[in-house]
Each structure stands twice: as structure tokens, then as C-alpha cells.
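Please read the structure below before turning to the comments.
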There are 2 protein chains.
Amino acid sequence: MASAGRRQRRKEERPGEIVEAAFEEFARSGFAATKLDDVAARAGITKGTIYLYFPSKEDLFLATVREMNRPSQENLAALTAAPQGPAMAILRSHFAFVYEQMVEDRRAREILRMLMAEVSRFPDLAERWRVEVIGPAVEALRRVVRYGIERGEFRPSAAEEFPHLLFAPVMMACTWRMMFGDDHALDRAAYLAGHLDLMERGLVRGPGEGE
Amino acid sequence: MASAGRRQRRKEERPGEIVEAAFEEFARSGFAATKLDDVAARAGITKGTIYLYFPSKEDLFLATVREMNRPSQENLAALTAAPQGPAMAILRSHFAFVYEQMVEDRRAREILRMLMAEVSRFPDLAERWRVEVIGPAVEALRRVVRYGIERGEFRPSAAEEFPHLLFAPVMMACTWRMMFGDDHALDRAAYLAGHLDLMERGLVRGPGEGE
DNA sequence: TACTAATAACTGACCAGGCAGTCAATAAGG
DNA sequence: CCTTATTGACTGCCTGGTCAGTTATTAGTA
């Protein structure tokens, strides 16, 4: 504390601190408008130091997006467990979790925004994200739907081919909040409940249906 | 044609041509990375001419977004007509139309991308878009749902409070295509059919339900 | 413990290139 | 030949990237 503001050598912590600061600036201004001097200032260092750890602005951006994506990738593992019990219960807890991750967590929203905004400059980034994050997530959802159909709980439906349809309201809430800000955010609990209600009606077998 | 490449005076057409070119460039690169020289080149003029019609780069951007939004606003009028017949039929034709507008039309997607990418730089733009375009659209959808409930076709559901839930799959398809490109686009007909199917199940009254 | 030397993390002043915005000169068109 | 839409060369600022120099830190020495 006494040395706050003084110059310090912190080889281990620097990269993380820089990425953290870079994330805030990139999220605020986008790739092109972000100034490395601002990133440095936010990290409490100078621009030169950034170049000790990252070869260029582009590399810093890539490192930032990848770093911020790590939690999502780690969370995916939990979804690959063998399903048990009612499929609808799985979906309920799954989506409660996903809302927490994507809609409530500002970082996840900003990452999405950055990816959308910079696809044309970094095409590989979007493709990588599709293959490593979104693809598996869609697949996991599809597995739950299949499981529900197999155990007779769900009727066959388009949700098997397009699990996107189930996930869509999450995306909607996410983009909504990211466009219009926290002030106009949709009421989380009511929205989630509504989402699950409509989903359930759409998926489950009717009384006299099938089998 | 004979004078192609020569300097020409075209006071009337210029603004439109410039906005058209600006749209392409802004869509490709975002606000900050777009060069006015490129916009001018695309419009077949020089940068100086742009400044005859628009006071600054920011103004050009604003004008571009507003101009590109005009069709959406005009289309809104059609949705305010008094509903007739089965509510589900209205929703079917409505969404078929919306898919055409938002998912198939590249321009609509790019506008959405631009708005999302540049909210922090142009906060007024998002707010205006919410009030003038999105708000009325949500309201129109809500009216149809209410109509369906009133005539006993639909059960009361969260779709009345959150028409967003119905619209979400459109948003999903839109962002999906804009992130991953036309190659990975979801099959339009099948996706739309699935969307409508799940929606119908979610909205309509069950056999022994209510009333 | 105190002093010195060696190491390398960090700085900040510095380019070089790029781009928004300007304006005197030019030429299209009536 | 007069008006004015258009040009294109110009300016000044900004910012990514560099690098010689500075200083925190550690290892070695007495």
C-alpha cells in the first residue's frame, strides 16, 4: 500500500491484468476505437509494457476474447453428464443456469457483442467460437431433447433438429439487455418462468398423443 | 454512360448514393474503422463531396442508420390493422413476413449488428430504435396474443407479458446467420415451421382447458 | 547486515503512417 | 460567362509500435 503508484515488477500478474483492462476497453469502444494507451492506463502501466507481453493490438484482442471465453467452455463439461430423471427438470435447471451465465453476467454479454461486432475483422474467432462453444452447447441441448423423446416424456418436434428454438429466448434477453441497458432489462424471474412454461407446452406429449 | 468516370454534377442523387456507399462500408468495418475515402470511392466521388452533404462522419453514420431503418418503420403500419380470423393464422403470416425481413435481408442484419456494436458510442440511436421500431413491434405482437386469448383460441400465458418469447427464434436465426455466415445458416423453411409448431403448442388452449 | 553487480521489467519520449476535416482551384451546365 | 458542385492536395492530430534508458529486484560478496 505504501508503494501504491510506484513502479513495480510483476511478471506473473501482468498478462492477466492487461487482459482484464483490455476487456473493459474493447467492450466499451470496440477493437478499432480502443486506444492502447487507455488500456495501459487502466492497468496502471504504460503502453510499452503491453508490448512486452503481447506482440500487437490484434493479438491482445484475440487473447482477451479467448480468456473471457474460458469459463463458458469449462461450464460445458457439466452438461455432458448422462441425463437422469424427467427431461423437463433437466431443462429447467439448465436454463436457470444459462440465464445466470449469459443474461446476468455482463462479461458474457460483452463477449457476444465483441464477437458480433468484429466478425468481419476476425473471422476465425467466430468460427472457433462456433465449433468450441456454441456447437457443443447446441449438441448438449439436443441430447436432452432426444432423451426426453426416448423416455416418452416429449413428443417428437422440431426442437430435436433445432435446439436453437429452445435457446432463443435466452439470446433474446441477452441482446435486449445489451442493447437497451440494465434499466430496460426484462424481469428475469417472470421471463424465465414464461420461457419454461411455453417450452414445456411445446415439448411434452399431450394426454391422448402418440405411444 | 459515355461520360462514366467523368466528373458530374448530381445534387439530387448524391446524398442517397453516399448513404448507400456508407452503409456498405460501415457494415463491413464498423464506425471507427471505416474510412471516408473508401466511402467516397465506393460512391464514385471524393471525400470532399461527402462534406458538402454531411457535416461529419458521425452525422453520416446517423443518417445511414436512420435511412436504413425506414423500411422497418413503414412495415410496422401493416401490423396495426384490426385482427380478424384465427389469431394463429395471423401469427403464421406475420412471422413468415418477419423472417423474410430480418433473417433473409442482409441489410436488416447489418443494421442490427451496427446498432449493437455502436451502442456505447451512439446511445441515442439504440433508444430511438427501441421507441420507434422495437417497441411498436412488441406492442403489435402483444395485441395479437391478447386477441387470441379474448376469442378463446389461446390460453393466458407469459406471451402476453413477454411477446419477446415468441419473437426470440427470429432474433436467434438472425444473429446466428450474422455470426456464422450464409454457409451455416439454419434451413429457413424447416426452422420457421418448427418455430410456428412450438409456438402454437405453447399458446393454444388444451382440449379440457379453461373457459 | 551492508554494499555491489547483474538482470530484466518497466518507462516515456519518440517516430511513421493514417485519416478526419479544409479550402482554393476547377469545370460542368445553364 | 456565371454559378456552384466537385475536386484533390493539404494540415494537424492521433495512435500503433519502437527502443534506449531507468529502476526494482535478486544474487553474490565481504
Side-chain angles (χ1 to χ4, degrees), chain A residues 1-65 114 118 120-122, chain B residues 1-65 114 118 120-122:
Chain A
M1 290 303 136
S3 66
R6 309 291 289 308
R7 171 201 270 196
Q8 279 190 348
R9 302 177 61 175
R10 322 182 59 205
K11 189 179 183 185
E12 301 302 322
E13 295 86 350
R14 282 289 184 239
E17 293 171 359
I18 293 171
V19 162
E20 177 64 31
F23 169 75
E24 295 297 339
E25 293 297 322
F26 283 137
R28 178 199 311 274
S29 320
F31 177 79
T34 289
K35 300 171 235 181
L36 290 189
D37 277 318
D38 288 351
V39 174
R42 182 181 282 270
I45 54 177
T46 51
K47 193 167 56 176
T49 304
I50 294 177
Y51 282 89
L52 293 179
Y53 298 96
F54 302 93
S56 73
K57 190 184 182 184
E58 288 208 357
D59 284 274
L60 175 58
F61 183 79
L62 291 170
T64 302
V65 174
M114 282 158 68
E118 314 290 353
S120 57
R121 190 189 298 261
F122 303 96
Chain B
M1 286 301 138
S3 66
R6 306 295 284 313
R7 173 200 271 197
Q8 277 191 350
R9 302 176 62 172
R10 323 181 58 204
K11 189 180 183 184
E12 301 302 321
E13 296 85 348
R14 283 289 184 239
E17 294 171 359
I18 293 171
V19 161
E20 177 65 30
F23 168 75
E24 295 296 338
E25 293 297 321
F26 283 136
R28 179 201 309 275
S29 319
F31 177 79
T34 289
K35 299 171 234 181
L36 290 188
D37 277 318
D38 288 351
V39 173
R42 182 181 283 271
I45 56 177
T46 53
K47 192 168 56 175
T49 304
I50 294 178
Y51 283 89
L52 293 179
Y53 298 96
F54 302 92
S56 73
K57 190 183 180 185
E58 288 207 358
D59 285 274
L60 175 58
F61 183 79
L62 292 169
T64 302
V65 173
M114 282 158 67
E118 315 288 354
S120 55
R121 189 187 298 262
F122 304 97

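Sequence lines set the chain letters: A, B, ... in the order given, protein chains first and strands last, and positions in each chain run from 1.
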>> In this structure, how many angstroms lie between the P atom of dG16(D) and the CG atom of L60(A), rounded?
In response: 11 Å
> Using a cut-off of 4.0 Å on non-hydrogen atoms, how would the nucleic acid contact of F54(A) be classed: base, sugar-phosphate, or nothing?
Replying inline: nothing
> Between T34(A) and T49(A), which is nearer to the 5' end of DNA chain D once each is assigned its nearest nucleotide?
Replying inline: T34(A)
>> Between C1' on dG8(D) and CG on L36(B), what's the gap in Å once rounded to a whole number?
In response: 15 Å
> Nearest-Å distance, CD (E25(B)) to P (dA20(C))?
Replying inline: 11 Å
>> Could you tell me if the side chain of F26(B) sits less than 4.5 Å from the side chain of K57(B), heavy atoms only?
In response: yes
>> Nearest whole Å is fine: how far is dA20(C) C1' from L52(B) CG?
In response: 15 Å
> Taking OP1 and OP2 of dG12(C), is either one under 4.0 Å from a side-chain nitrogen or oxygen of T46(A)?
Replying inline: no
> Does R10(B) put a side-chain nitrogen or oxygen below 4.0 Å from OP1 or OP2 of dG29(C)?
Replying inline: no
> Over how many whole Å does the gap from D37(A) atom CG to dC10(C) atom P extend?
Replying inline: 17 Å
>> How many whole angstroms separate atom NZ of K11(B) from atom C1' of dT3(D)?
In response: 12 Å
> Is there a side-chain contact between F61(B) and E118(B), using heavy atoms and a 4.5 Å cut-off?
Replying inline: yes
> Would you call the rings of F122(A) and F31(A) parallel, tilted or perpendicular if under 30° counts as parallel and over 60° as perpendicular?
Replying inline: perpendicular
>> Against R42(B), only a single residue in E24(B), E25(B), E20(B) fulfils side chain to side chain donor-acceptor pair (under 3.5 Å); can you say which?
In response: E25(B)
> Of the nucleotides dG16(D), dT6(D), dC10(C), which one has an atom closest to the side chain of Y53(B)?
Replying inline: dT6(D)
>> Testing the basics here: between Y51(B) and S56(B), what is the closest heavy-atom pair and its distance to 0.1 Å?
In response: CE2-CA, 4.1 Å
>> Can you measure Y51(B) atom OH to dA5(D) atom C1' for me and round it to whole angstrom units?
In response: 18 Å
> Atom CD of Q8(B) to atom C1' of dT26(C): distance rounded to whole Å?
Replying inline: 16 Å
>> Starting the side chain at C-beta, find the nucleotide from dC10(C), dG17(D), dG21(C) nearest to K57(A).
In response: dG17(D)
> Has the side chain of K47(A) got a donor or acceptor that lies under 3.5 Å from a partner of the other kind on the base of dG12(C)?
Replying inline: no
